[in-house]
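Working notes, beginning with the structure itself.
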2 protein chains.
Amino acid sequence: MSPTIKVLLAEDQSMVREALAALLGLEDDIEVVAQVARGDEVLAAVREHAVDVALLDIEMPGCTGIEAAAQVRRSLPEVKLVVLTTFGRPGYLRSAMEAGADAFLVKDAPAAQLAEAVRKVLAGERVIDPTLAAAALAEGANPLTDREREILRAASDGSTNAELAKALHLSQGTVRNYLSTAIQKLAVRNRAEAVRIAREKGWL
Amino acid sequence: MSPTIKVLLAEDQSMVREALAALLGLEDDIEVVAQVARGDEVLAAVREHAVDVALLDIEMPGCTGIEAAAQVRRSLPEVKLVVLTTFGRPGYLRSAMEAGADAFLVKDAPAAQLAEAVRKVLAGERVIDPTLAAAALAEGANPLTDREREILRAASDGSTNAELAKALHLSQGTVRNYLSTAIQKLAVRNRAEAVRIAREKGWL
DNA sequence: CGGCAGCCATGACATCTGTCATACGCCACT
DNA sequence: AGTGGCGTATGACAGATGTCATGGCTGCCG
């Protein structure tokens, strides 16, 4: 039989991370050789442990799993990348694919799919929930410009226009213009809704 | 040796739930006898499987783990309750304790603490992160009235005053008054910040 | 080169939001 | 019986927010 598959697990919540490790540990052909809790530790760990497949949560301190995936893809293109996330947001799927992910799994899916996905990506297959893929295609690309996204993100904690203007070195009017166009593009009525919708779609 | 400890696992994300089950399955003295994905299925499952310890995630469809805990505590007071959550919000800890929980764990904690907590609550101990306990005490109780909470919750999706007034059968002025007092109590400057802070503290 | 998109800004306007004073009814506690 | 807290409501005011028209600057693409 072929040697075991070396897997890295990147997930910030220890309990979940170790539980997933226990789950994968039940598989004979899979070995979890490294665990990290931060996105910015992924690349070094992948390199150090000669990892075959990296399992990356999206929401992590340091940097997101998607950014980490892009880093690994650039430096070590032969490593397979599985992105794992709580939220099945179409925009996340899109960004993950653009970052070079081989699989995209939501934590809602049955646990069996995890080991399954690891084996499949190693065999050169791609693993994507078809429902999500359809949603991602149906929704189209992110309509927001970089600046609009940045300002929306900054506004998401309830900052006022004056604070945003100061923080971003803009005039208040400019901030309002950006927010206004973002509100129109997202077809909503105020910044709070705009933030919510953009979040839901994974556009923030 | 005593018979195995019968545990119920309530957590909406299958992958996490099954991973936690795998983790607990590694312990000789613990047996996961039931798994549910919704808060409103907890009570029936606990009853049916003669569960010793119920492990409850807070964020679940149906009803929250805290509400489920309260139900179990009322009907089957001898069952031990462990509340498990992603967010270490002091307000959550407080509500969990008021609902009769025996332990409160955050998913950030090392996985070993899970089995540990199961054994301890069965022995009659309480398990609470001392840092969180201190934070919960330092922060004081939720200053918001029922109505203020309700309106803040309704406002959290970006609804306008007119929509809130219609949805809650109130006058617009009343809605604004409630939001205004909530804003003052939370010492913030607008509804968006109020929603954010109340969420963070677990007061929503 | 010309056009278009993105970035930045201003001013004016309408509307929404947050504050304050005030008031009434209800309920619980003293 | 009085007090205080909560829920509800109104009206008035100031300030924040969203929209629109308009303009200048840059850089990319055809």
Side-chain angles (χ1 to χ4, degrees), chain A residues 91 94-95 98 139-204, chain B residues 91 94-95 98 139-204:
Chain A
R94 184 178 292 266
S95 333
E98 283 166 7
E139 156 181 295
N142 188 339
L144 302 174
T145 68
D146 286 354
R147 216 61 173 129
E148 286 161 359
R149 254 203 316 285
E150 189 181 354
I151 283 158
L152 211 51
R153 225 179 299 127
S156 68
D157 64 351
S159 298
T160 158
N161 281 332
E163 289 165 346
L164 293 174
K166 182 159 295 183
L168 299 162
H169 306 291
L170 291 176
S171 92
Q172 267 197 55
T174 307
V175 170
R176 287 197 284 163
N177 285 341
Y178 281 133
L179 285 171
S180 181
T181 60
I183 287 167
Q184 285 181 299
K185 285 181 179 177
L186 299 174
V188 293
R189 261 189 285 309
N190 55 50
R191 64 182 68 192
E193 262 188 313
V195 166
R196 189 171 62 84
I197 297 297
R199 274 253 168 73
E200 262 172 32
K201 304 233 184 189
W203 285 344
L204 221 56
Chain B
R94 185 179 293 266
S95 331
E98 283 166 6
E139 157 181 293
N142 187 338
L144 302 174
T145 68
D146 286 352
R147 215 59 175 134
E148 286 160 0
R149 254 203 316 285
E150 190 181 353
I151 284 159
L152 211 50
R153 226 179 298 127
S156 68
D157 64 353
S159 300
T160 160
N161 281 334
E163 290 165 344
L164 293 174
K166 183 160 292 182
L168 298 162
H169 306 291
L170 291 176
S171 92
Q172 269 197 53
T174 307
V175 169
R176 289 196 285 161
N177 284 341
Y178 281 134
L179 285 171
S180 181
T181 59
I183 286 167
Q184 287 182 299
K185 285 180 179 178
L186 299 174
V188 294
R189 262 190 286 310
N190 55 49
R191 65 183 67 194
E193 263 189 313
V195 166
R196 189 171 61 84
I197 297 297
R199 273 254 168 73
E200 262 173 32
K201 304 232 184 190
W203 285 343
L204 219 56

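Chain A is the first sequence line, chain B the second, and so forth, proteins listed ahead of strands; every chain is numbered from 1.
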Atom [atom1] of [X] and atom [atom2] of [N]: how far apart are they, to the nearest Å?
| X | N | atom1 | atom2 | answer |
| --- | --- | --- | --- | --- |
| B:Asp146 | C:dA28 | CG | C1' | 15 Å |
| B:Gln172 | D:dA12 | CD | C1' | 15 Å |
| B:Glu150 | D:dC6 | CD | P | 16 Å |
| A:Arg189 | C:dT17 | CZ | P | 11 Å |
| A:Arg176 | C:dC16 | CZ | P | 15 Å |
| A:Asn142 | C:dG6 | CG | P | 12 Å |
| B:Arg191 | C:dC16 | CZ | P | 11 Å |
| A:Ile183 | C:dC16 | CD1 | P | 13 Å |

Given DNA chain D, 5'-ward residue of the pair B:Tyr178 and A:Leu179, judged by closest heavy atom: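 Comparing both residues, the 5'-ward one is B:Tyr178.
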
_Both A:Asn190 and B:Ser171 contact DNA chain D. Taking the nearest nucleotide for each, which residue is further toward the 5' end?_
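Residue closer to the 5' terminus by nearest nucleotide: B:Ser171.
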
- Which residues in residues 154-169 of chain A have at least one heavy atom lying under 4.0 Å from any atom of DNA chain D?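 Contacting residues: A:Thr160, A:Asn161.
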
Scan [X] against the nucleic acid and name what it touches under 4.0 Å (heavy atoms): base, sugar-phosphate only, or nothing.
| X | result |
| --- | --- |
| B:Arg147 | sugar-phosphate |
| B:Asn177 | base |
| A:Thr145 | sugar-phosphate |

So, is A:Gln184 near the phosphate of D:dC20, with a side-chain N or O under 4.0 Å from OP1 or OP2?
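Checking A:Gln184 against D:dC20: at least one side-chain N or O falls below 4.0 Å of OP1 or OP2.
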
Does A:Arg153 CZ have over 12 foreign heavy atoms under 6.0 Å away?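 Counting neighbours around CZ of A:Arg153, more than 12 heavy atoms of other residues, nucleotides or ligands fall under 6.0 Å, so yes.
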
Any salt bridge linking B:Arg147 with B:Glu150? Criterion: basic side-chain nitrogen under 4.0 Å from a carboxylate oxygen.
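Between B:Glu150 and B:Arg147 there is a salt bridge, with a charged N closer than 4.0 Å to a carboxylate O.
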
Notebook entry, point to check: Is A:Lys185 salt-bridged to A:Glu148, going by a charged N under 4.0 Å from an acidic O?
Noted result: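 Judged by the 4.0 Å cut-off on N to carboxylate O distance, A:Lys185 and A:Glu148 do form a salt bridge.
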
* To do: From the options D:dG18, D:dT10, C:dG18, select the nucleotide whose nearest atom is closest to the side chain of B:Ser180.
  =>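 When the side chain of B:Ser180 is considered, C:dG18 is the closest of D:dG18, D:dT10, C:dG18.
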
Query raised in the report: Are the side chain of A:Asn161 and the backbone N or O of A:Gln172 linked by a donor-acceptor pair below 3.5 Å?
Result: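 Here the side-chain-to-backbone pair does not exist.
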
I'd like to know if the side chain of A:Thr160 reaches the main chain of A:Glu163, judged simply by a donor and an acceptor atom lying under 3.5 Å from each other, with no hydrogens or angles considered.
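No, because the side chain of A:Thr160 does not come within donor-acceptor range (under 3.5 Å) of the backbone of A:Glu163.
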
Q | Point-to-point distance, once rounded to the nearest 0.5 Å, from CG of B:Leu179 to CD1 of B:Ile151 | A |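 Between atom CG of B:Leu179 and atom CD1 of B:Ile151 there are 6.5 Å.
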
Between A:Trp203 and A:Leu152, is any pair of side-chain heavy atoms under 4.5 Å apart?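 The answer is no, as the side chains (C-beta and beyond) never meet within the 4.5 Å cut-off.
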
